[in-house]
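Chain letters run A, B, ... following the sequence lines, proteins first and then strands; every chain starts at 1. Computed from a predicted model, the values in this text were never measured in an experiment. Atom set for the values below is all heavy atoms of this structure, side chains included, hydrogens, waters and symmetry mates excluded.
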2 protein chains.
Amino acid sequence: MQNLLFDFISKYISLTEEEKSTLLSLNLFHSVKKGTILLKEGQKSNESYFVLKGCIRSYYNIDGEEKTTAFYTEMEALVPPSVLSKTPSPYYVSCIEDCILTISNTDMEEEINRKFPKFETMCRMMSEELLAKERIDFDAFKTSSPEQRYLNLLQVRPDLIQRVPQHQLASYLGIKPQSLSRLRARILQKN
Amino acid sequence: MQNLLFDFISKYISLTEEEKSTLLSLNLFHSVKKGTILLKEGQKSNESYFVLKGCIRSYYNIDGEEKTTAFYTEMEALVPPSVLSKTPSPYYVSCIEDCILTISNTDMEEEINRKFPKFETMCRMMSEELLAKERIDFDAFKTSSPEQRYLNLLQVRPDLIQRVPQHQLASYLGIKPQSLSRLRARILQKN
DNA sequence: TCATCTCGTTAACTTAAGTTAAGAAAAGAC
DNA sequence: GTCTTTTCTTAACTTAAGTTAACGAGATGA
């Protein structure tokens, strides 16, 4: 598991053995059971998550209904807005599967940034990259229909459709579960 | 104009006079006429934009139709994905109004980061902040109807509705211009 | 000035998503 | 294993967005 993390980091910066052991001394790694709620709406947590194995989701409670807006799988990071703005979290985060995560908090990140300035370089690069990706994804969402979005998801993240419950996928695609069912039936008929 | 930029920067880091004059020596400031295309689809530009005055928009050409996906107004930054990934730009960027922008390129940014490490800290903070904001906006888009999106826009960016053509607003809201017209008429009737 | 093009609106019709409800299948609890 | 709950699907009906077309206002340009 540690190697998964170090391999990922090595895409941005190179770490010395000393830096690696400093990271390991922080006790970042956690096993979390399916169904665990990592963050609740309203909470002022300062924890960030990086998925080594498994899948976590963010969801809102709107008029008593769960609206899933994002999934984070292997080698993806979630820094909730509450971490940066110190405001209550607008959404929940929970584990869809048994997960192995790194969980860090603001203090730990500040400490690492102080000890190893290149760690900040990595964070900058990752944030810039993720921001660009998020904007492109948002653009694609705006400019396509629910059916196109589903077909696109089949192309770019086929695993998600297998491992995630349909009703959560539906709100991720911006529609109701019944509409997703219908849309899938429509696609099957066409072929 | 320079003060607008320095005031903005001062929200993240404090600059010495020396640092300010180094920034000024880079010739960042540009006046750009309404209608100017700053970036074309397919181009491998490495320029980033920061809006001091005016409004720029990003748009895609999909089946011969312009699909506007984002507007950047005063004190907002656009770092196109092509800058980071060195791939052709997926979209166009053009000026909706006469603008005053700072235009920088990768080389300039690297030079500044090398001279003033705290500049990188600012970039990291801005990227993290913008990523969090972008995700929240995307979530809100997914979980609401076109009508709710329009009403929300009226609340949070009423200026946009005034200064931007309707048909560009429509694709920004993920619908057709005719649907936006109808939706507005529907809202008026309700009151 | 006149002609042209763009933009916003309206209308009629089509298509697809939302809503409500019901039933079957699968998962989870005891 | 049975009971309960959740999840997925289907169907009928409603609502709203997409599509096509037409018109008027305003801007643009020769």
So if I take every side-chain heavy atom of [X] and compare against [options], which nucleotide ends up nearest?
{"X": "R182(A)", "options": "dG8(C), dC8(D), dC13(D)", "value": "dC13(D)"}
{"X": "Q166(B)", "options": "dG8(C), dT9(D), dA17(C)", "value": "dG8(C)"}
{"X": "K176(B)", "options": "dT19(D), dA17(D), dC13(D)", "value": "dT19(D)"}
{"X": "Q178(A)", "options": "dT19(D), dT19(C), dA17(D)", "value": "dT19(C)"}
{"X": "H167(A)", "options": "dC8(D), dA12(C), dA16(D)", "value": "dC8(D)"}

In this structure, how many angstroms lie between the [atom2] atom of [N] and the [atom1] atom of [X], rounded?
{"X": "E65(A)", "N": "dT20(C)", "atom1": "CD", "atom2": "P", "result": "10 Å"}
{"X": "L169(A)", "N": "dT7(D)", "atom1": "CG", "atom2": "P", "result": "13 Å"}
{"X": "Q148(A)", "N": "dT15(C)", "atom1": "CD", "atom2": "P", "result": "16 Å"}
{"X": "R186(B)", "N": "dT10(C)", "atom1": "CZ", "atom2": "P", "result": "13 Å"}
{"X": "D63(A)", "N": "dT19(C)", "atom1": "CG", "atom2": "P", "result": "11 Å"}
{"X": "I96(B)", "N": "dT6(C)", "atom1": "CD1", "atom2": "P", "result": "17 Å"}
{"X": "L188(B)", "N": "dT10(C)", "atom1": "CG", "atom2": "C1'", "result": "14 Å"}
{"X": "I175(A)", "N": "dT9(D)", "atom1": "CD1", "atom2": "P", "result": "12 Å"}

Would you say S179(A) reaches dA17(C)'s phosphate, i.e. side-chain N/O to OP1/OP2 under 4.0 Å?
-> no

Between dC8(D) and R184(A), is there an OP1 or OP2 to side-chain N/O distance shorter than 4.0 Å?
-> no

Residue whose nearest DNA chain D nucleotide is more 5′ - K34(B) or P146(B) = P146(B)

Hey, which sits more toward the 5' end of DNA chain D by its nearest nucleotide, G174(B) or V164(A)?
->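 Of the two residues, V164(A) wins.
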
Sub-4.5 Å side-chain heavy-atom contact between Q2(A) and K20(A) | no

So do L154(A) and Y150(A) actually touch side chain to side chain, heavy atoms under 4.5 Å?
-> yes

Ring centers of Y72(A), Y49(A) separated by less than 6.0 Å =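 Centroid distance Y72(A)-Y49(A): not below 6.0 Å, so no.
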
Specify whether F141(A) and F141(B) have parallel, tilted or perpendicular ring planes, treating 30° as the upper limit for parallel and 60° as the lower limit for perpendicular.
->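 Judged by the thresholds at 30° and 60°, the geometry between F141(A) and F141(B) is perpendicular.
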
Any cation-pi pair here, K11(B) with F8(B), using under 6.0 Å and within 45°?
-> no

